[in-house]
Amino acid sequence: MDLAYYFNLAGVTVFAVSGALAAAEKKTHHNDAFSVFFTGFITAIGGGTLRDITLGNYPVSWVSDSNVLWAIFIGFVITIVFPRYLLKMKTGIFLFDTIGIGIYTVIGTRISLLAGVNPFAAAILGMISAVFGGVIRDTLINEVPMIFRKEIYATACLVGAVLYILLERLEVNVEINTAVSAFAVILARIIAVRFNLSLPKFRLPE
Amino acid sequence: MDLAYYFNLAGVTVFAVSGALAAAEKKTHHNDAFSVFFTGFITAIGGGTLRDITLGNYPVSWVSDSNVLWAIFIGFVITIVFPRYLLKMKTGIFLFDTIGIGIYTVIGTRISLLAGVNPFAAAILGMISAVFGGVIRDTLINEVPMIFRKEIYATACLVGAVLYILLERLEVNVEINTAVSAFAVILARIIAVRFNLSLPKFRLPE
Amino acid sequence: MDLAYYFNLAGVTVFAVSGALAAAEKKTHHNDAFSVFFTGFITAIGGGTLRDITLGNYPVSWVSDSNVLWAIFIGFVITIVFPRYLLKMKTGIFLFDTIGIGIYTVIGTRISLLAGVNPFAAAILGMISAVFGGVIRDTLINEVPMIFRKEIYATACLVGAVLYILLERLEVNVEINTAVSAFAVILARIIAVRFNLSLPKFRLPE
């Protein structure tokens, strides 16, 4: 599990960068160092914290393990020091974020299964771990929450979470399952963006 | 309590329909099957989950009991399959929602009292169980939260919650108390809408 | 600690007034007695409740101690009865709010340290105790959350929280530490507003 631990920290840094950048890009708000840091912080820990308090899974990771906070701080410093570089490497950020949600989904699903919840709840909590930090971020900066945006995002997480649960039932080795399921999220997301796929809009009859 | 269990599941389905429809009606957002489902999910479980994590009342119901998730799924399917019918039966939806908040209020108040909280907190948590899923729904779809809308809604829940607590003090049988207090919420809400009653707006002096 | 208890209740009343007034000032929303009360309630208990559920620190204070709810009710009555007076004494309200965040920050930091969390998490949770009720209030009334406003606010709380932790490491007496650190928050905030200080806006390169 050591590897998963470091992957998770990498995911935390990536989400912190994504949150900090999103705040910094919001021109209508006053974004000082604090609000940029805090938005990164909430984006990075929001989904996992919501998962843990829903499970009663204490202590919440960032409260007991200060490495999580250092990972966020590193993301903050990266954003402050290299903003020009970050803005140029949109594809890089997309890749980092995609890897981040892949990792968060699988770790979140595994933690939920270990807590003994039903498999449907585990899939939903895995997806929430990955996307809810971003939902809180969007709510705070007054943007349309990501679940209402066009691209396939949370759905890719749900696919990976369901795959993880299925493979676990088939008694696939946990490391292999982690890698395969996280990769499935990443692949689903890349394919969706590459080919501009989105789920059909649900239209109400007039 | 068996009856209360099935009433609660019915309430879950009703709230899931209300959330899914609210998302689908939001024309400015991209509403695919996922976002319609997820909005229904959050609306249905938001209030009860907030109550349970505030009480430390673990496991949260939908995490341990997959029937709750099936009830949400049924609400989602109803919304997808019968949207035209649902839009026509506005009165029907109003009635379902009203029955839903009556049930949620009383169950939420009872759970809070059983957790040993003070009666004022129990009344507030009963009301939160009923209305906070809707508040989160409105925040996610960028609408004015329901507690700031004109009609009497949360106040009707508060009335029912207080009535439940009073009748419990008078040692009224719990089944009778449940039925009477839920009915009080429903009646207060119907009378308010029927006669267009609202609490006076609080005006600040100019 | 008795004194801290009553200071905390005073902080609750102050935050309830601030929330109730903020709702009442929102002209685009329907603000009846319920929504004014409920906004005051959420503002007063939001930050501390979020801290407690993140720590798994049960029971949450307002759920077990009805005095907290009475303190909110007093804030509500003050808002309803003396709105004209409150609107005139903007400086008074600023002072009360500033004292409130000073108290909340220090109490929140102390509770987090007692729960055994790492010091960085304790500082963040102390700050969240003080400001997150206001953030939820702003989200509910569709305003820009306070962390994106110009004035130094949360940063002052963070300064006080860090000071408290440092003095605790130096084994300063807890009463003295509480007073000094709360005063540091208050002073930082007063100086910032008096001299119109704000942290520099973080600008992304064009």
Side-chain angles (χ1 to χ4, degrees), chain B residues 49-58 60 111-113 115-128 131-132 134-136 138-159 161-162 165 188 192 197-206, chain C residues 20-42 44-46 48-50 52-73 76 79-88 136-142 145:
Chain B
T49 302
L50 184 58
R51 176 200 65 223
D52 284 341
I53 64 182
T54 301
L55 289 171
N57 188 31
Y58 293 108
V60 170
I111 289 175
S112 304
L113 287 175
V117 313
N118 71 68
F120 301 101
I124 291 175
L125 284 167
M127 178 268 290
I128 284 177
V131 307
F132 224 85
V135 170
I136 301 173
D138 293 336
T139 302
L140 284 183
I141 64 174
N142 304 99
E143 292 282 339
V144 172
M146 60 205 320
I147 59 163
F148 293 111
R149 296 203 201 139
K150 210 180 163 210
E151 319 115 23
I152 288 177
Y153 193 88
T155 311
C157 298
L158 220 42
V159 166
V162 169
I165 294 167
L197 301 180
S198 59
L199 293 183
K201 188 162 176 164
F202 174 63
R203 279 180 205 288
L204 286 176
E206 298 298 322
Chain C
L21 262 189
E25 282 185 316
K26 188 82 187 179
K27 300 217 165 160
T28 52
H29 291 20
H30 182 83
N31 301 296
D32 56 26
F34 173 78
S35 60
V36 168
F37 169 77
F38 195 64
T39 311
F41 166 77
I42 294 249
I45 60 92
T49 303
L50 184 58
D52 285 340
I53 64 182
T54 301
L55 290 171
N57 188 32
Y58 292 109
V60 170
S61 72
W62 63 273
V63 160
S64 61
D65 177 7
S66 61
N67 285 346
V68 175
L69 294 173
W70 284 112
I72 292 170
F73 191 71
F76 169 68
T79 309
I80 294 286
V81 177
F82 304 112
R84 191 181 300 272
Y85 185 68
L86 287 171
L87 287 176
K88 270 191 201 143
I136 302 173
R137 175 197 66 206
D138 293 337
T139 302
L140 284 183
I141 65 174
N142 303 101

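These values consider heavy atoms only, across backbone and side chains, with no hydrogens, waters or symmetry-generated copies. For clarity, every value in this text was computed on a predicted model and none was experimentally measured. So that the names make sense, note that chain A is the first sequence line, chain B the second, and so on, each numbered from 1.
Only the side chain of C:L69 comes within contact range of chain B, with heavy atoms under 4.5 Å apart. There is no contact between C:F73 and chain B, counting heavy-atom distances below 4.5 Å. Interface remark: C:D65 contributes backbone atoms only to the contact with chain B (heavy atom separation under 4.5 Å). Heavy-atom distances place no part of C:L86 under 4.5 Å from chain B, backbone and side chain included. For chain C, no part of B:L50 is nearby; none of its heavy atoms comes within less than 4.5 Å. The part of C:V36 that comes within reach of chain B is its side chain, from C-beta onward, which places non-hydrogen atoms under 4.5 angstrom from that chain.
You'll find the ring centres of B:F120 and C:W70 inside the 6.0 Å limit.
Options C:L21, C:V68, C:I80, C:D52 differ in how many heavy-atom pairs under 4.5 Å they form with chain B, and the most are formed by C:I80.
Using modelled atom types, no side-chain atom of C:Y58 and backbone atom of B:T54 make a donor-acceptor pair closer than 3.5 Å.
Counting heavy atoms from C-beta outward, C:T39 and B:F148 have side chains that approach closer than 4.5 Å. Side-chain contact between C:F38 and B:T155 is absent, with no heavy atoms from C-beta onward closer than 4.5 Å. Between C:N142 and B:P145, some side-chain heavy-atom pair lies under the 4.5 Å cut-off. Residues B:T139 and C:T139 are in side-chain contact: their nearest non-hydrogen atoms beyond the backbone lie under 4.5 Å apart. Annotation: side chain of C:F34 is not in contact with side chain of B:I152 (no heavy-atom distance under 4.5 Å).
Considering every non-hydrogen atom in both B:I147 and C:S35, the closest pair reads O-CB, 3.1 Å. Summarising the geometry of B:N118 relative to C:S64, their closest heavy-atom pair is ND2-C, 3.9 Å, with the distance given to 0.1 Å.
Of the candidates C:V60, C:I53, C:T49, C:I53 is the only one forming a side-chain contact (heavy atoms from CB on, under 4.5 Å) with B:I53.
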